[in-house]
Each structure stands twice: as structure tokens, then as C-alpha cells.
Amino acid sequence: MTQITLHNSRTRRKEPFTPIDPENVRMYVCGPTVYDRAHLGNARPVVVFDVLYRLLRHVYGDGNVTYVRNFTDVDDKINARARVMQEAGDARSLNDIIRALTDETIGWYHADMDALGALRPDHAPRATEFIVQMVAMIEGLIAKGHAYAAEGHVLFDVRSYPDYGKLSGRSVDDMIAGARVEVAPYKRDPMDFVLWKPSSAEEPGWDGPVWEGKSIGQGRPGWHIECSAMAHDILGPAFDIHGGGIDLQFPHHENEIAQSCCAHPDAGFANFWLHNEMVQVEGKKMSKSLGNFFTVRDLLDQGWPGEVIRFVMLSTHYRKPMDWTEEKAREAMETLRTWAYSVLGVMPSQVDPEFMEALQADMNTSDALTVLGELHKSNDRARLVASAKLVGFDLLAIGEKSWARLFEFKTNDGRFLSEGIDYQPTIGVIGWGEIPSEVHDVIADLVHLWLRHRRNKDFEKADSLRDSAALAGIELRATRSKNGINGGTAFIKNVIDPAKLEALK
RNA sequence: GGCGAGUUGGCGGAGUGGUUACGCAGCGGAUUGCAAAUCCGUGUACAGGAGUUCGAUUCUCCUACUCGCCUCCA
């Protein structure tokens, strides 16, 4: 059996991956807070863990892997946005607005991630649908002496969990020493974090956990408890892989571990912790607070196909920071077009062993894509198709997409006699996507004119026409035949500006 | 201030204790009226210093710089 190796953040080492149960491999990935379109940074873990999901399914069988990714739909940012909508005249109740807002955002998220070729997880739980489980877990923590109530809040007592800080490699004392956080006065320890907080009548609220015989009151869960509760409910107290962005390592994942390990002390929670590095813009992390983000939808609307975005993502190893650049996107688009064109009608065979080797070595997708390039170069098309499919590139389907479909138009350029041979050169117009007949007719005329200049050896006119055509995005190529008569092809590199085309006539 | 990660050729980006991936760009050649396209060829890079070693870009330590987390964050 294929041996996958993964870098485990918990041990800071690459370790051979062995599932607890090979017939039920379980993975939990932290999903988005749904108040806005997903930006490119949000998309990275989706693509990274989609590759892992596909890899696990490939190795252990499609039906033997369970992938959970949550939606955080309880959050102050959501509340804030809902309030803004209300103030702007939305007549619905705040809770109705929140539900509609999160519903809509989840719809966008799915659409955008689908476009990136990410498979949907087996479970996509919403926090609001697991409040009962969260309350139960909090009550369990209270009963075990790991949590306490103060001023309507329930807090986790970090001093009650000696391993707190182990994942992120910090000690509670060090953190307090360097803390820049204002500490709420009701906390026993500055690092204690909220499990439950009170809600005003304006805020969404649920019945809180029971403390000293009665409900602590209307409130809402802290952020971290939802993942602990949902992972436990769906995957059980111990599972294989927990993933997310590196920025979640502390405090989010640290807090999850504390909660889950204290609630279920003998279970162990997640065996492998995987963290992807950040997407950067000009060397800085892309984030909402820095305002240097763009959404997946922005890129799609700009005309970058989802597959291209995915390719750019996978061309950098997941544990390294990645810059999005147009240059990378252009290269990726070119590569995918070339591959897709070369495998038209090719049936997939087996996944290439070298490709597999790259993938199973801590998901070295960059290396894996290089292997795909080698398969393409060596004309091993059936393996190229099969291998590419494993990381989510359906080359046969891509070949059907307008952006990757080669348009070809050919027409006869009349008859010519050369050294007594009757010859009929052709004029071709080729390009990516659909090209309307008005456009290719005009361009075919252009090629005809160009060829006439060349046949007349009027190279000055021919070259000048070639240069101005190039400026309009049309590359004129000559094809030579044995008897010396040139045919010609116009290759349309980009979208043609009709005004520029007109000027060439 | 604490903790963590990183620094590879013009750019992007893997990887390795000894034979220096790969892509793009560039350069040279074939070809071409000239180009384009294609094909062939071509790059002695691993932040700086010290150490370990027969040998280090790869291991250890130090320095510099970059980035991340410590506040919401994928």
C-alpha cells in the first residue's frame, strides 16, 4: 500500500501517515466565517485539503474517507454586518437577516470553491446547528473542573491543562510575559479564553450551559468550541487529521486541543495537525484587516478560470508562502491549454508512479506538477490524464472549456502554379475559444493580403502588416510547403479589439 | 518583548551530505526573405560567518534580513 508522509505540526516533523481505521479515515478542516465572499487566502486551505482528500480517497478508497469542513455562522463580524444592513433599512429581524446573510454567503462560498475544482466535504456543519453539543461539552468541562463562570461568561481555565501551548510551542508563562492583549478582569489567568459569552437582546442567543444548578443565561458560544464540538459529534473523540491555515495554530487550534483533550482525556483528539502557509500580496499576508485582499470571485470575473487559480495554488508547496501574480496565472493557463489540447480524446490509464511519489511525500504538489509536465513532454498522455485527475484537473473536461478549446478556421487561398505544379495554399485562423465569423473573415482577408505581399516580394509592406497585426493581438505565421509556396495562419493571442482590427483593413 | 517559519540562478519554484530538478525569460543553433511557431543546445544559484565532515547548498551554532503568530483571521 502507498505510504503517505505528512508534516505534523504537532511534532514538527514529517511522519508516515497511518490512519486509526483505514476503512474510515477522518479529516476535519476549519472552514470560513460566513459574512463575506471568500478571498484567495481563504481558498488556499480549500485547495490544499482538497488534494489531500483526493489523495486519501485514492489510497484508502472513495467510500473510506470522511471529510468535515465547518461553516462559522455565529460571529461578531456577522452580527455587525447584519446590524449595518438593518440600519440601512432592512426591515427583517436581526436573526432573520443573519440567517439570510449566512445562507447567501454559504451559497457564494460553495459556488466559488466548486469553480476551483474542490470536492464538497462529506459534512459541512453550521455552528448554529450544533449549539446543543457545544453547551454539552462546556458543561462537561465545567464538571471536570476545566471551566468556570464569571459575569455571564464561561471561561476555559488554561492552568488546568498542563499541555496548553504544546502545539504552537509556547508556554503560558512566556505568552503572558509578552502579551499585548488587554486582559478582561474576570479572567483567572490572562490566557483563559471564552467558551460562552452573554448576548444582549440585540444579538443572537441561545440557552447557555448550566452553572451551579441553573442556566448561565442567554448567550452564544466562543469561537473555538464549535470545532471541538462538531468534530466530536461527527468524527468522534479521536480522528486522523485536523487542518487549517497556519494563522489558526494559535490560539484557535491550541484552544481546540485544550477543550477536546480535557473533555475526552483518553481519546487524543487529532493525530495529525496540518497547516498551510499564507497567501501573500507583495510579500505581506493577504487579509481582510490589511485590506490587501481580492476574492476568488474577482479573479473568476477577470477571466481567470478556476482551474488556472488552482494550478497556481498547487505550484507552490502548501507549507510555503505563496504570492499570486498574473505572470504565474498566464503560465498556468498556457500549460493547462497545452496539456488539455494534447490529450483530446485520450482515455486515462494509471496514475504515474513518480507523480504518486511526489504527492505522497507531504503533498509535494509543485513536484507533482513537474512530473505532469514530464509526462506531457514524453507523450505519455494516458498517464497524464489519469495523474492530473488525481489532483483535480480533469484535462478532458478542460479541453471542452471555451478558454482551452482551440478554434480552427481554414480556407483556400486560391490556386497558384509553381514550376508547373498546381498548388492550393490554405489560410488558417486559429485561437482559443469561440471566434465569430465576422472576425475570422476579416482576419483571413488579412492573411491573404499578407501572403500577397510576400509572393510579390514586397517584404516592407508584408513586415509592416505583420507588425501592426501583432500589436492588435494577431500573430501572422507562414507555413512553407515543399514547392516554395507559403500558406499563412493567423494566431489570435488574445481577445481582439474590433477597433484595432478595423484599422488593419 | 516571547515563540515559530524562512532566505536557492534574471524571475518562479523543487530538492539533495558528493553527480547542481523543472518552468518562464534570456542566449546560441537548425529553420526562415525577416519573423513567429517548432526542434536542438545552453545556466555551475543555494543570505553572511564559524563549526562537524574526506567532502555541505543540504547537519550544528552565531549574525543579518524577511515573514507569520502572540487581536479577528485560511
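Each chain gets a letter, A, B and so on, in the order its sequence line appears, and its residues count up from 1.
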Engineer: Looking at A/Trp223 versus A/His252, is the centre-to-centre ring distance below 6.0 Å?
Structural biologist: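 Between A/His252 and A/Trp223, which both carry aromatic rings, the centre distance is below 6.0 Å.
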Engineer: Within less than 4.0 Å of OP1 or OP2 of B/C73, is there a side-chain N or O belonging to A/Asn42?
Structural biologist: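 Looking at the OP1 and OP2 atoms of B/C73, neither is under 4.0 Å from any side-chain N or O of A/Asn42.
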Engineer: Does A/Lys284 make a side-chain N or O approach to OP1 or OP2 of B/U66 shorter than 4.0 Å?
Structural biologist: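 No, A/Lys284 has no side-chain N/O under 4.0 Å of OP1/OP2 on B/U66.
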Engineer: If you compare every side-chain N and O of A/Lys320 against the phosphate oxygens of B/C67 (OP1, OP2), does one of them come in below 4.0 Å?
Structural biologist: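 For A/Lys320, the contact criterion (side-chain N or O under 4.0 Å from OP1 or OP2 of B/C67) is not met.
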Engineer: To the nearest angstrom, how far is A/Met363 atom CE from B/G15 atom C1'?
Structural biologist: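 The answer, rounded to whole Å, is 18 Å.
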Engineer: In this structure, how many angstroms lie between the C1' atom of B/U32 and the CZ atom of A/Arg455, rounded?
Structural biologist: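 So the CZ-C1' distance, A/Arg455 to B/U32, works out to 16 Å.
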Engineer: A quick test of your reading: do over 12 heavy atoms of other residues, nucleotides or ligands sit less than 6.0 Å from CD of A/Gln302?
Structural biologist: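 More than 12 heavy atoms, drawn from other residues, nucleotides or ligands, come within 6.0 Å of this atom.
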Engineer: Does A/Arg12 or A/His252 map to a spot on RNA chain B nearer the 5' end, using the closest nucleotide for each?
Structural biologist: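 Final value for this comparison: A/Arg12.
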Engineer: Ring centroids only, cut at 6.0 angstrom: are A/His123 and A/Tyr28 within range, meaning strictly under it?
Structural biologist: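 That pair fails the under 6.0 Å test.
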Engineer: Measure up the A/Phe311 and A/Phe393 rings against each other and bin them: parallel (under 30°), tilted (30 to 60°), perpendicular (over 60°).
Structural biologist: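 Taking A/Phe393 first and then A/Phe311, their aromatic rings sit tilted (interplane angle of 30° to 60°).
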Engineer: What integer distance in Å separates A/Glu357:CD from B/A14:P?
Structural biologist: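 Taking atom P of B/A14 as the reference, CD of A/Glu357 is at 18 Å.
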Engineer: Can you figure out which of B/A14, B/G68, B/C72 approaches the side chain of A/Thr316 most closely?
Structural biologist: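 So the side chain of A/Thr316 is nearest to B/A14.
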Engineer: Ignoring the backbone of A/Trp223, work out which of B/C72, B/G33, B/A14 is nearest its side chain.
Structural biologist: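 Nearest to the side-chain atoms of A/Trp223, counting from C-beta on, is B/C72.
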Engineer: When the nearest nucleotide of RNA chain B is assigned to A/Ala43 and to A/Trp450 on a heavy-atom basis, which residue is associated with the more 5' position?
Structural biologist: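 With A/Ala43 and A/Trp450 compared, the 5'-side residue is A/Trp450.
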Engineer: Determine the Euclidean distance between corresponding P atoms of B/U16 and B/U32; express it in Å to zero decimal places.
Structural biologist: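 It works out to 46 Å between them.
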